[in-house]
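Structure record follows, encoded as structure tokens.
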Amino acid sequence: VQLQASGGGLVLAGGSLRLSCAASGGTFSNYAMGWLRQAPGKEREFVAVIGGRGVTTSYADSVKGRFTISRDNAKNTVYLEMYSLKPEDTAVYYCAGDLGYNRIIRGTALNWGQGTQVTVSS
């Protein structure tokens, strides 16, 4: 499956953004979808994952209560709504897709989007 992420940008601390990731080339509902991020000088880290039917979700502790992952299987798109953004949320955000839910969490998903930059200014 091919993934195309969008929606990043520059926002003030406390603000919000919504990222989108459009998928093509596969049966979207078979795939767990997620978001990971990589800040400058740091390793890529897990942010959120959602199961194929959109029922099961998991979040990193650092974003729990502030970020919401969702998906629209009719539109082959997964979203990440980010609220109460902090400067430490600044990173390149990558969407990922895999048949295995836990592979998203471990960062070993087979399918990756190109990344979208999120910058949170204080």
Side-chain angles (χ1 to χ4, degrees):
V1 64
Q2 290 76 49
L3 305 174
Q4 180 75 34
S6 62
L10 173 64
V11 63
L12 291 174
S16 61
L17 277 176
R18 187 176 82 157
L19 305 183
S20 300
C21 178
S24 60
T27 302
F28 185 65
S29 59
N30 286 348
Y31 288 82
M33 297 295 299
W35 293 90
L36 294 90
R37 66 187 182 186
Q38 187 166 20
K42 295 188 177 182
E43 293 189 354
R44 191 177 298 184
E45 64 173 1
F46 165 73
V47 175
V49 61
I50 186 167
R53 292 181 298 162
V55 174
T56 305
T57 59
S58 300
Y59 296 89
D61 288 343
S62 59
V63 307
K64 208 170 288 185
R66 300 188 299 121
F67 290 12
T68 300
I69 189 169
S70 62
R71 65 191 295 158
D72 185 338
N73 285 349
K75 295 182 179 180
N76 287 1
T77 302
V78 62
Y79 305 98
L80 184 69
E81 308 227 31
M82 305 183 292
Y83 302 96
S84 301
L85 282 161
K86 305 175 182 180
E88 50 264 44
D89 294 317
T90 295
V92 177
Y93 283 70
Y94 297 90
C95 65
D98 201 281
L99 297 177
Y101 186 91
N102 287 329
R103 285 204 287 267
I104 303 282
I105 297 173
R106 293 195 295 263
T108 58
L110 292 179
N111 305 283
W112 294 85
Q114 83 286 6
T116 184
Q117 176 70 48
V118 172
T119 303
V120 184
S121 171
S122 57

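Just so it is clear, the values below take in all heavy atoms, side chains as well, and ignore hydrogens, waters and symmetry mates. Sequential numbering from 1 along the given sequence is applied to the chain's residues.
Between V47 and Y59, the closest side-chain pair of non-hydrogen atoms is not below 4.5 Å. Contact of the R44 side chain with the W112 side chain is registered, since non-hydrogen atoms from C-beta on lie closer than 4.5 Å. Between L110 and L99, every side-chain heavy-atom pair lies at or beyond the 4.5 Å cut-off. With a 4.5 Å cut-off on side-chain heavy atoms, F46 and R106 do not count as touching. A 4.5 Å side-chain heavy-atom check between I50 and V78 finds at least one atom pair inside the cut-off. Side-chain contact between V118 and L17: present, with at least one pair of heavy atoms (C-beta onward) separated by less than 4.5 Å. A heavy-atom distance below 4.5 Å is not found between the side chains of Y79 and C21.
If you run side-chain contact (heavy atoms from CB on, under 4.5 Å) between M82 and each of T68, L19, V63, only L19 comes through. Exactly one of D98, I69, L3 qualifies for a side-chain contact (heavy atoms from CB on, under 4.5 Å) with M33. That residue is L3.
Aromatic ring orientation, Y93 versus F67: tilted (interplanar angle from 30° to 60°).
G113 approaches Y94 most closely through the heavy-atom pair O-CD2, 3.7 Å. Counting all heavy atoms, side chain and backbone alike, S62 lies closest to R37 at OG-NH2, 3.5 Å.
No salt bridge links K86 with D89; every basic N to acidic carboxylate O contact stays at or beyond 4.0 Å.
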